[in-house]
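The structure presented is a predicted model; accordingly, all values stated were derived computationally and were not measured. Naming: A, B, ... by sequence-line order, numbering from 1 per chain.
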2 protein chains.
Amino acid sequence: MDDHQRCPRFEKAMEILSKRWTALIIFQLLPGPQRFARIENSLQNLSGKVLSDRLKELELEGIVKRDVYPETPVRIEYRLTDKGKALAPLFDSISNWSGEWIQLSQ
Amino acid sequence: MDDHQRCPRFEKAMEILSKRWTALIIFQLLPGPQRFARIENSLQNLSGKVLSDRLKELELEGIVKRDVYPETPVRIEYRLTDKGKALAPLFDSISNWSGEWIQLSQ
DNA sequence: CTGCATCCGATAAGATACTG
DNA sequence: CAGTATCTTATCGGATGCAG
(Lines give C-alpha, C1' and ligand atoms only; values in the text may rest on other atoms or scores of the structure.)
Protein backbone atom coordinates (compact mmCIF):
# COMPACT_ATOMS: atom_id res chain seq x y z
CA MET A 1 0.00 0.00 0.00
CA ASP A 2 1.43 3.27 -1.08
CA ASP A 3 0.77 6.86 -0.31
CA HIS A 4 -1.42 8.64 -2.70
CA GLN A 5 0.77 10.47 -5.11
CA ARG A 6 0.97 14.13 -4.37
CA CYS A 7 -1.17 15.67 -7.05
CA PRO A 8 -0.83 19.42 -7.30
CA ARG A 9 -3.98 19.80 -9.35
CA PHE A 10 -6.02 17.99 -6.80
CA GLU A 11 -4.52 20.04 -4.00
CA LYS A 12 -5.20 23.24 -5.86
CA ALA A 13 -8.79 22.20 -6.34
CA MET A 14 -9.12 21.46 -2.66
CA GLU A 15 -7.55 24.76 -1.79
CA ILE A 16 -10.18 26.57 -3.79
CA LEU A 17 -13.17 24.53 -2.78
CA SER A 18 -12.39 24.09 0.86
CA LYS A 19 -12.45 27.74 1.78
CA ARG A 20 -15.37 28.42 4.04
CA TRP A 21 -18.53 29.38 2.09
CA THR A 22 -17.00 28.90 -1.32
CA ALA A 23 -18.68 25.62 -2.14
CA LEU A 24 -22.02 26.79 -0.82
CA ILE A 25 -21.84 29.88 -2.98
CA ILE A 26 -21.13 27.81 -6.08
CA PHE A 27 -23.93 25.44 -5.14
CA GLN A 28 -26.28 28.36 -4.80
CA LEU A 29 -25.32 29.59 -8.26
CA LEU A 30 -25.87 26.24 -9.96
CA PRO A 31 -29.51 26.91 -10.89
CA GLY A 32 -28.59 30.11 -12.71
CA PRO A 33 -27.31 33.69 -12.47
CA GLN A 34 -28.10 35.58 -9.31
CA ARG A 35 -27.61 38.98 -7.83
CA PHE A 36 -25.49 39.80 -4.83
CA ALA A 37 -28.32 40.34 -2.37
CA ARG A 38 -30.00 37.11 -3.34
CA ILE A 39 -26.93 35.02 -2.71
CA GLU A 40 -26.38 36.82 0.56
CA ASN A 41 -29.94 36.16 1.70
CA SER A 42 -29.86 32.53 0.70
CA LEU A 43 -26.90 31.70 2.90
CA GLN A 44 -27.55 32.21 6.57
CA ASN A 45 -24.67 33.85 8.48
CA LEU A 46 -22.81 34.83 5.37
CA SER A 47 -21.83 38.48 5.64
CA GLY A 48 -21.60 40.84 2.70
CA LYS A 49 -17.91 41.26 3.25
CA VAL A 50 -17.14 37.58 3.03
CA LEU A 51 -19.42 37.11 0.05
CA SER A 52 -17.67 39.95 -1.70
CA ASP A 53 -14.28 38.40 -0.95
CA ARG A 54 -15.35 34.97 -2.17
CA LEU A 55 -16.92 36.21 -5.36
CA LYS A 56 -13.74 38.06 -6.19
CA GLU A 57 -11.66 34.96 -5.57
CA LEU A 58 -13.98 32.83 -7.65
CA GLU A 59 -13.85 35.36 -10.46
CA LEU A 60 -10.06 35.22 -10.37
CA GLU A 61 -10.19 31.45 -10.58
CA GLY A 62 -12.47 31.68 -13.59
CA ILE A 63 -15.28 29.86 -11.84
CA VAL A 64 -17.67 32.78 -11.61
CA LYS A 65 -18.39 35.55 -14.08
CA ARG A 66 -19.65 38.99 -13.07
CA ASP A 67 -22.08 40.49 -15.57
CA VAL A 68 -22.93 44.18 -15.43
CA TYR A 69 -26.16 45.29 -17.09
CA PRO A 70 -26.05 49.08 -17.44
CA GLU A 71 -29.70 49.66 -16.76
CA THR A 72 -30.96 52.18 -14.27
CA PRO A 73 -30.47 51.16 -11.65
CA VAL A 74 -27.53 49.07 -12.70
CA ARG A 75 -28.01 45.33 -12.36
CA ILE A 76 -25.17 43.01 -11.58
CA GLU A 77 -25.42 39.27 -11.82
CA TYR A 78 -23.06 36.49 -10.95
CA ARG A 79 -23.07 33.26 -12.88
CA LEU A 80 -20.99 30.14 -13.16
CA THR A 81 -18.61 29.77 -16.06
CA ASP A 82 -18.21 26.41 -17.79
CA LYS A 83 -15.46 25.67 -15.32
CA GLY A 84 -17.89 26.40 -12.52
CA LYS A 85 -20.73 24.40 -14.04
CA ALA A 86 -18.37 21.47 -14.40
CA LEU A 87 -18.46 21.19 -10.62
CA ALA A 88 -22.06 19.99 -10.66
CA PRO A 89 -21.16 16.27 -10.41
CA LEU A 90 -19.10 17.05 -7.34
CA PHE A 91 -22.14 18.51 -5.65
CA ASP A 92 -24.15 15.49 -6.63
CA SER A 93 -21.56 13.37 -4.89
CA ILE A 94 -21.73 15.45 -1.75
CA SER A 95 -25.50 15.42 -1.88
CA ASN A 96 -25.63 11.67 -2.18
CA TRP A 97 -23.17 11.15 0.59
CA SER A 98 -24.83 13.56 2.97
CA GLY A 99 -28.23 12.10 2.24
CA GLU A 100 -27.00 8.65 3.10
CA TRP A 101 -24.67 9.30 5.99
CA ILE A 102 -25.37 12.57 7.74
CA GLN A 103 -27.72 12.42 10.68
CA LEU A 104 -29.19 15.63 11.95
CA SER A 105 -30.12 14.41 15.41
CA GLN A 106 -27.17 16.18 16.95
CA MET B 1 -35.53 29.73 -11.14
CA ASP B 2 -35.54 29.17 -7.42
CA ASP B 3 -32.95 29.20 -4.76
CA HIS B 4 -31.54 25.90 -3.85
CA GLN B 5 -33.49 24.69 -0.88
CA ARG B 6 -31.57 25.05 2.28
CA CYS B 7 -30.46 21.53 2.92
CA PRO B 8 -29.06 21.03 6.42
CA ARG B 9 -27.48 17.70 5.54
CA PHE B 10 -25.63 19.19 2.64
CA GLU B 11 -24.48 22.10 4.75
CA LYS B 12 -23.32 19.79 7.48
CA ALA B 13 -21.38 17.77 4.94
CA MET B 14 -19.76 20.91 3.61
CA GLU B 15 -18.95 22.04 7.11
CA ILE B 16 -17.07 18.83 7.73
CA LEU B 17 -15.35 18.48 4.39
CA SER B 18 -14.44 22.08 3.80
CA LYS B 19 -12.23 22.45 6.80
CA ARG B 20 -8.67 22.91 5.70
CA TRP B 21 -6.77 19.60 5.43
CA THR B 22 -9.76 17.43 6.22
CA ALA B 23 -10.42 16.27 2.70
CA LEU B 24 -6.75 15.70 1.99
CA ILE B 25 -6.46 13.57 5.11
CA ILE B 26 -9.41 11.44 4.06
CA PHE B 27 -7.95 11.16 0.58
CA GLN B 28 -4.68 10.02 2.03
CA LEU B 29 -6.45 7.35 4.07
CA LEU B 30 -8.39 5.93 1.13
CA PRO B 31 -5.78 3.29 0.22
CA GLY B 32 -5.83 1.85 3.74
CA PRO B 33 -5.00 2.32 7.43
CA GLN B 34 -2.04 4.49 8.26
CA ARG B 35 -0.14 5.72 11.26
CA PHE B 36 0.04 9.27 12.43
CA ALA B 37 3.53 10.02 11.23
CA ARG B 38 2.85 8.64 7.79
CA ILE B 39 -0.12 10.87 7.24
CA GLU B 40 1.85 13.80 8.60
CA ASN B 41 4.73 13.15 6.23
CA SER B 42 2.51 12.71 3.23
CA LEU B 43 0.94 16.14 3.56
CA GLN B 44 3.41 18.95 3.19
CA ASN B 45 2.95 21.79 5.69
CA LEU B 46 0.53 19.91 7.87
CA SER B 47 1.62 20.19 11.48
CA GLY B 48 1.14 17.49 14.07
CA LYS B 49 -1.29 19.57 16.04
CA VAL B 50 -3.57 20.24 13.16
CA LEU B 51 -3.47 16.61 12.09
CA SER B 52 -4.33 15.60 15.62
CA ASP B 53 -7.22 18.07 15.70
CA ARG B 54 -8.58 16.89 12.38
CA LEU B 55 -8.33 13.21 13.22
CA LYS B 56 -10.27 13.81 16.41
CA GLU B 57 -12.96 15.70 14.55
CA LEU B 58 -13.19 12.98 11.94
CA GLU B 59 -13.41 10.36 14.65
CA LEU B 60 -16.27 12.26 16.26
CA GLU B 61 -18.02 12.38 12.91
CA GLY B 62 -17.59 8.66 12.52
CA ILE B 63 -15.53 9.04 9.40
CA VAL B 64 -12.26 7.78 10.84
CA LYS B 65 -11.60 5.01 13.32
CA ARG B 66 -8.58 4.96 15.60
CA ASP B 67 -7.20 1.49 16.24
CA VAL B 68 -4.78 0.91 19.08
CA TYR B 69 -2.59 -2.17 18.91
CA PRO B 70 -1.08 -2.72 22.37
CA GLU B 71 2.27 -3.88 21.18
CA THR B 72 5.49 -2.47 22.51
CA PRO B 73 5.88 0.12 21.40
CA VAL B 74 2.20 0.75 20.97
CA ARG B 75 1.02 1.07 17.40
CA ILE B 76 -1.86 3.31 16.46
CA GLU B 77 -3.51 3.27 13.08
CA TYR B 78 -6.17 5.43 11.56
CA ARG B 79 -8.55 4.07 9.01
CA LEU B 80 -11.71 5.11 7.25
CA THR B 81 -15.05 3.76 8.42
CA ASP B 82 -17.71 2.82 5.88
CA LYS B 83 -18.97 6.36 6.13
CA GLY B 84 -15.50 7.55 5.26
CA LYS B 85 -15.02 5.09 2.44
CA ALA B 86 -18.32 6.24 0.99
CA LEU B 87 -16.60 9.51 0.17
CA ALA B 88 -14.50 7.91 -2.55
CA PRO B 89 -16.78 9.00 -5.42
CA LEU B 90 -16.51 12.54 -4.18
CA PHE B 91 -12.77 12.42 -4.61
CA ASP B 92 -13.18 10.98 -8.07
CA SER B 93 -15.30 14.01 -8.91
CA ILE B 94 -12.72 16.41 -7.61
CA SER B 95 -9.99 14.51 -9.40
CA ASN B 96 -11.82 14.64 -12.69
CA TRP B 97 -12.63 18.29 -12.36
CA SER B 98 -9.13 19.31 -11.35
CA GLY B 99 -7.63 17.24 -14.13
CA GLU B 100 -9.78 18.96 -16.69
CA TRP B 101 -9.87 22.52 -15.41
CA ILE B 102 -6.98 23.33 -13.14
CA GLN B 103 -3.93 24.80 -14.78
CA LEU B 104 -0.70 24.84 -12.86
CA SER B 105 1.01 27.55 -14.84
CA GLN B 106 0.31 30.11 -12.15
C1' DC C 1 9.85 8.01 18.88
C1' DT C 2 4.78 8.90 18.61
C1' DG C 3 0.86 11.22 19.69
C1' DC C 4 -0.97 15.03 21.63
C1' DA C 5 -1.55 19.45 25.04
C1' DT C 6 -0.50 24.32 25.72
C1' DC C 7 0.64 28.70 24.39
C1' DC C 8 0.41 32.52 21.40
C1' DG C 9 0.71 35.30 17.13
C1' DA C 10 -1.42 35.44 12.53
C1' DT C 11 -5.39 35.20 9.84
C1' DA C 12 -10.17 35.02 8.82
C1' DA C 13 -14.82 35.96 9.80
C1' DG C 14 -18.68 38.84 11.50
C1' DA C 15 -21.10 43.40 12.86
C1' DT C 16 -21.89 47.80 11.78
C1' DA C 17 -21.84 51.88 9.39
C1' DC C 18 -21.16 54.19 5.32
C1' DT C 19 -20.61 55.37 -0.04
C1' DG C 20 -21.55 55.61 -5.30
C1' DC D 1 -28.45 47.67 -4.80
C1' DA D 2 -23.81 46.45 -4.53
C1' DG D 3 -20.48 46.79 -2.36
C1' DT D 4 -16.31 48.98 1.02
C1' DA D 5 -14.04 50.57 5.57
C1' DT D 6 -13.29 49.74 10.05
C1' DC D 7 -13.40 47.39 14.14
C1' DT D 8 -14.02 43.39 17.13
C1' DT D 9 -14.17 38.60 17.72
C1' DA D 10 -13.27 33.91 16.67
C1' DT D 11 -10.52 30.52 14.58
C1' DC D 12 -6.33 28.61 12.81
C1' DG D 13 -1.96 27.03 12.82
C1' DG D 14 3.06 26.85 14.07
C1' DA D 15 6.49 26.23 18.00
C1' DT D 16 7.47 24.02 21.87
C1' DG D 17 7.30 20.62 25.32
C1' DC D 18 5.92 16.52 27.66
C1' DA D 19 4.06 11.81 28.58
C1' DG D 20 3.72 6.97 27.40
Quickly work out the [X] [atom1] to [N] [atom2] distance and round it to whole Å.
{"X": "D67(A)", "N": "dA2(D)", "atom1": "CG", "atom2": "P", "answer": "13 Å"}
{"X": "E77(A)", "N": "dA2(D)", "atom1": "CD", "atom2": "P", "answer": "9 Å"}
{"X": "E40(A)", "N": "dG14(C)", "atom1": "CD", "atom2": "C1'", "answer": "12 Å"}
{"X": "L55(B)", "N": "dT2(C)", "atom1": "CG", "atom2": "C1'", "answer": "13 Å"}
{"X": "K56(A)", "N": "dA5(D)", "atom1": "NZ", "atom2": "C1'", "answer": "12 Å"}
{"X": "E15(A)", "N": "dA12(C)", "atom1": "CD", "atom2": "P", "answer": "11 Å"}
{"X": "L58(A)", "N": "dG3(D)", "atom1": "CG", "atom2": "P", "answer": "13 Å"}
{"X": "I39(B)", "N": "dG3(C)", "atom1": "CD1", "atom2": "P", "answer": "8 Å"}

[N] OP1/OP2 closer than 4.0 Å to side-chain N/O of [X]:
{"X": "R20(B)", "N": "dG13(D)", "answer": "yes"}
{"X": "R66(B)", "N": "dC4(C)", "answer": "yes"}
{"X": "W21(A)", "N": "dG14(C)", "answer": "yes"}
{"X": "S52(A)", "N": "dT4(D)", "answer": "yes"}
{"X": "R35(B)", "N": "dC1(C)", "answer": "no"}
{"X": "Y78(B)", "N": "dC4(C)", "answer": "yes"}
{"X": "R75(A)", "N": "dA2(D)", "answer": "no"}

Is [X] touching bases, backbone alone, or none of the nucleic acid, heavy atoms closer than 4.0 Å?
{"X": "K19(B)", "result": "sugar-phosphate"}
{"X": "N45(A)", "result": "sugar-phosphate"}
{"X": "L46(A)", "result": "nothing"}

Please examine the side chains of W21(A) and L51(A), heavy atoms only from C-beta on, and report whether any two atoms are closer than 4.5 Å.
-> no

Regarding the side chain of R54(A), the nearest nucleotide among dA5(C), dA13(C), dG13(D) is dA13(C)

Side chains of S93(B) and S93(A): donor-acceptor distance under 3.5 Å anywhere?
-> yes

Between K56(A) and E59(A), does at least one N-O distance fall below 4.0 Å, as a salt bridge requires?
-> no

Is it true that R75(B) and E77(B) have a side-chain N and a carboxylate O under 4.0 angstrom from each other?
->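 Yes, charged N to carboxylate O under 4.0 Å.
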
Hey, can you tell me if F10(B) and F27(A) have their rings parallel, tilted or perpendicular (30° and 60° cut-offs)?
-> parallel

Which residue, K49(B) or F36(B), contacts DNA chain C at a nucleotide closer to its 5' end, judged by nearest heavy atom?
->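 Per heavy-atom nearest nucleotide, the more 5' residue is F36(B).
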
